[in-house]
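Sharing a structure below in structure tokens format, with a few things to ask.
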Amino acid sequence: MGDEGLPYGSWTFLTSHARVLLALARDPEVRLREVAETCVLTERTVQAIVADLEQGGYLTRVREGRRNRYRITPGAKFRHPAEAGRDIAGLLALFADDPHASHRKRHRP
């Protein structure tokens, strides 16, 4: 699953890694199944992305009972040389307001 259902073509400005990181920053207790739905990805892809983000030092996963809680690493930097030296905090702040949050919260058990 990817960007094939987009109304304006097959590319977007943000990568899947960025979308997953933003979803976890917006709701640290979100289920990966919900992240997959929001990001239009498979759950397996989201799991792999979360593993990449953990390995890269962008987040940590903390087990709380039967759930995971995700903590974004403060001060983590972008990886690409074009953005070298910039914190991801700016990107997270730019997209902190989640237009889907009220819809998602209503349907959470």
Q: Report the residues that fulfil side chain to side chain donor-acceptor pair (under 3.5 Å) with R71, sequence neighbours left out, ordered by chain and then residue number.
A: none

**Q.** Test side-chain contact (heavy atoms from CB on, under 4.5 Å) applied to V50 and Y70, step by step
**A.** CA-CA 9 Å; V50 167; Y70 301 92; 4.0 Å; yes

Q: Please determine which of L94, L92, V35, I72 meets the side-chain contact (heavy atoms from CB on, under 4.5 Å) test together with L22.
A: L92

Q) Which residue pairs pass the salt bridge (Lys or Arg N to Asp or Glu O under 4.0 Å) test when at least one of the two sits in residues 53-65, sequence neighbours left out? A) E54-R61

Q.
Using 0.5 Å steps for rounding, measure from the CD atom of E83 to the NZ atom of K77.
A. 13.0 Å

**Q.** Exercise: identify the closest heavy-atom pair between A96 and R26
**A.** O-CG, 3.9 Å

Q.
Which heavy atom of L59 sits nearest to which heavy atom of T73, and what is that distance?
A. N-OG1, 3.5 Å

Q) Under a 4.5 Å cut-off applied to non-hydrogen side-chain atoms, are S16 and T45 in contact? A) no

(Q) Could you walk me through whether R19 and L41 satisfy the side-chain contact (heavy atoms from CB on, under 4.5 Å) test, starting with their C-alpha distance in whole Å, then the side-chain angles of each, then the deciding distance to 0.1 Å, before giving a yes or no? (A) CA-CA 10 Å; R19 281 192 206 98; L41 298 167; 5.8 Å; no

Q. What is the distance from atom CZ of R31 to atom CD of E43, rounded to the nearest 0.5 Å?
A. 10.5 Å

Q. For R79, what residues pass the side chain to side chain donor-acceptor pair (under 3.5 Å) criterion, not counting sequence neighbours?
A. none

Q. Between the side chain of R67 and the main-chain N/O of E29, is any donor-acceptor distance below 3.5 Å?
A. yes

Q: Please test L14 against L91 for side-chain contact (heavy atoms from CB on, under 4.5 Å), starting from the C-alpha separation and ending with a verdict.
A: CA-CA 10 Å; L14 298 177; L91 176 73; 4.3 Å; yes

Q) Minimum heavy-atom separation for D87 to G75, with atom names? A) OD1-O, 3.5 Å

Q. V30 and side-chain contact (heavy atoms from CB on, under 4.5 Å): which partner among N68, T38, L24?
A. L24

Q: Give the minimum heavy-atom separation between F78 and Y58, together with the two atoms involved.
A: C-OH, 3.9 Å

Q | Nearest-0.5 Å distance that lies between atom CG in L32 and atom CZ in R44 | A | 13.5 Å

Q: Heavy atoms only: give me the nearest G57-A76 pair and the separation to one decimal.
A: O-CB, 4.4 Å

